[in-house]
Enquirer: 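The following block contains the structure, expressed as structure tokens.
Each ligand, and each atom within it, is numbered from 1 in the order the structure gives. Below, each value reflects all heavy atoms present in this structure, side chains not excepted, and no hydrogens, waters or symmetry copies.
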Amino acid sequence: MNVRVVVLSLLLICAAQAQEAAPPRADAIFIHGNIYTGVVDKAAFNAIKRAQAVAVRGDRIQAVGENAEILKLKGPNTQVIELGGKFVMAGFNDAHAHLSEGGFQALHVNLVGTRSLDEFRERIRANVASAAPGAWILGGGWDENLWPVKTVPTRWDVDEVSAGHPVFLERVDGHIAVANTRALQLASITIASRDPKGGKIDRDANGQPTGILRETARQAITDAIPPPTHDERRAAMERALAEAARWGVTSVQDNSGDWDDFHVLEEIEKDGKLTARIGEWLPFNDSVAQLETKRKAHSASDPMLRTGMLKGFMDGSLGSHTAALIEPYADDPKNSGLPRYDAPKLNEMTKERVLAGFQVGLHAIGDKGAQMALDAFADAERAAKEKKVKAANGGEDYRLRIEHAQVVTPLQVVKFRDLKVIASMQPCHLLSDMKWAQARLGEKRAAHSYAWTEFLKRGVTLAFGTDYPVESISPFRGLYAATTRKSEDGKQEYFPEQKISMDQAIAAYTSGSAFAAFDEKQKGLVVPGMFADLVVLDRDVTAVVPQKLLETHVLRTVVGGKTVYEAK
Ligand SMILES: [Zn+2]
């Protein structure tokens, strides 16, 4: 091409651009809303800027503003969605969930809250009716203490409603289960079976197993249950995704745990059915070579699905007295929990993985667990800075995370800030834990547990999630817990000085979670250029009395400009 032709074509391009001075038309316009943008207005005492309308083009937000202004972007093919004054905000980004587990749980028999043996049996019968031939019927949550006759169920009670399916149902505490006759047969549990070490097979007067299996006696049954088929895995994932969409969750930082689940997600994406953006965590304990293979398996720039941080475990849980504490449990003075690593090994593994460019998030519930993670992070960050290793987004902050961070010392909070460690927390846990947390910790330590105010005051980034299915994936329970520190009935309050404002709680659940996954330029605010991930609610969560928060319903969930859920 000669110079003259180049100049000529440049002129033509310029002319074409001049003609297109009017902005391109929107694909969709959301109008007459009460839109909470998430943007802090410094000129208005840090209030959050509101808008009336949003224009969407492709999968991004094109413009945000007043109705008249946004309507100018309407073209002949623009879809107009009337919001009728409803509250709109950026979609929720759940920073910690287990979708596969949640989906399986939802497909299983849920016996939580059954009020009688009849009701227990009715729920099993309903599940059996829709099960594939011969499939195992699994589930649990029963508690005979809630029944008029407080005796545990037997295999004969279950046999009558199981139509030949093997059935295995955990008690609510997860230590006892009931199996039906078919399940006992498949696990070869007979009159001749001996109790395993640490377990018990309940028997009737004739020595026949009754179906009740305690502790390690349950293992024979779990060993006999085949691993889920591909179709079951997919059904579970789709169920969990539907649950996320129903609750306005547009991004999930997911720890499904099995690489097969990632393949299922890829398949769902290919079929155009992925309704939330997923960052799938990888196991910290995998070798670096395995991790690199998994990282390479899917494009890191796919806006809907990619692999995310490495998840490791420092300790257990507070409820079971296995969270690692610096001082012993207040209600168990000889026990300070169970750390799962020794420090040199943990430090070495963390460093190796951070140097390989992985983000690391360590589950730590007790302050000893947090200390182990912080020490490992300090070491790894130092090494990474020296070697000029880039983080996942090409930057130099590695955004190492502590998952849960339920019990911390004030000094550790300072350490979080200095190392720029993210506190990835699930405020909804407090609703369940407040009944016994202070007994476990004693007052002094409890005052620094679930320490949201302390973290924010020190400038630590909070990322909120639910730990679904340990808790429901509903973000509204989390918003309620974070802003009230009260039980769901409002009767108990837990160290209210640690409660945060609704604006802060929403930020932790949107822009904070986005930051924790290196997505803060794409997600978390309703501003032009970000993904059009929006949620329409039936009430303004910043303006209702706390108790009404728990009744919030999602009217519409939008991911990349497309509606993925709409309330009937
Ligand atoms: Zn978890």
Side-chain angles (χ1 to χ4, degrees), residues 92-106 108 140 170 174 236-237 239-241 243-244 247 249 251-259 261-262 265 276 278-286 307-324 337-341 346 358-370 372-373 399-408 421-433 437 449-450 452 462-475 477-478 481-482 508-509 512-513 516-517:
F92 291 99
N93 184 332
D94 194 310
H96 185 133
H98 306 267
L99 289 179
S100 174
E101 201 183 327
F104 277 115
Q105 196 164 302
H108 290 163
E170 300 262 0
M237 190 59 82
R239 180 66 184 263
L241 286 167
E243 194 66 5
W247 287 109
V249 178
S251 284
V252 182
Q253 301 174 39
D254 179 43
N255 186 24
S256 279
D258 197 304
W259 192 235
D261 289 315
F262 190 75
L265 283 163
I278 310 287
E280 187 60 43
W281 297 349
L282 301 175
F284 178 75
N285 285 348
D286 273 10
T307 57
M309 68 167 217
L310 313 185
K311 163 97 177 283
F313 287 88
M314 297 298 94
D315 60 1
S317 76
L318 216 47
S320 62
H321 290 94
T322 50
L338 288 174
R340 294 203 195 172
Y341 281 93
L346 172 70
F358 288 102
Q359 185 190 22
V360 173
L362 299 176
H363 162 122
I365 293 201
D367 51 9
K368 168 80 179 165
M372 287 163 59
R399 306 195 191 176
L400 304 178
R401 305 167 43 153
I402 294 187
E403 301 302 309
H404 310 305
Q406 284 176 3
V407 187
V408 289
V421 169
I422 290 154
S424 167
M425 303 179 74
Q426 305 74 36
C428 53
H429 276 324
L430 183 60
L431 301 176
S432 312
D433 297 359
S449 62
Y450 314 85
W452 306 312
L462 284 181
F464 277 171
T466 55
D467 212 4
Y468 169 73
V470 178
E471 306 280 349
S472 141
I473 203 164
S474 157
R477 294 177 72 243
Y509 233 126
S513 301

Enquirer: Output, in order, the C-alpha distance, side-chain angles, deciding distance and verdict of side-chain contact (heavy atoms from CB on, under 4.5 Å) for Asp467 and His404.
Expert: CA-CA 9 Å; Asp467 212 4; His404 310 305; 3.4 Å; yes

Enquirer: Is there an N/O/S atom in His98 that lies less than 2.8 Å from the Zn ion (ligand 1)?
Expert: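 Within the cut-off used here (under 2.8 Å), His98 does place an N, O or S atom near the Zn ion (ligand 1).
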
Enquirer: Strictly under 6.0 Å, is that where the ring centroids of His98 and Trp281 end up?
Expert: no

Enquirer: How close do Gly316 and Ile365 get, counting heavy atoms only, and between which atoms?
Expert: O-CD1, 3.5 Å

Enquirer: Strictly under 2.8 Å, is any N, O or S atom of His363 next to the Zn ion (ligand 1)?
Expert: no

Enquirer: Between Trp259 and Phe262, what is the ring plane arrangement, given parallel below 30°, perpendicular above 60°, and tilted in between?
Expert: parallel

Enquirer: Only to 10 degrees, please: what angle do the NE2 atom of His96 and the OD1 atom of Asp467 make about the Zn ion (ligand 1)?
Expert: 90°

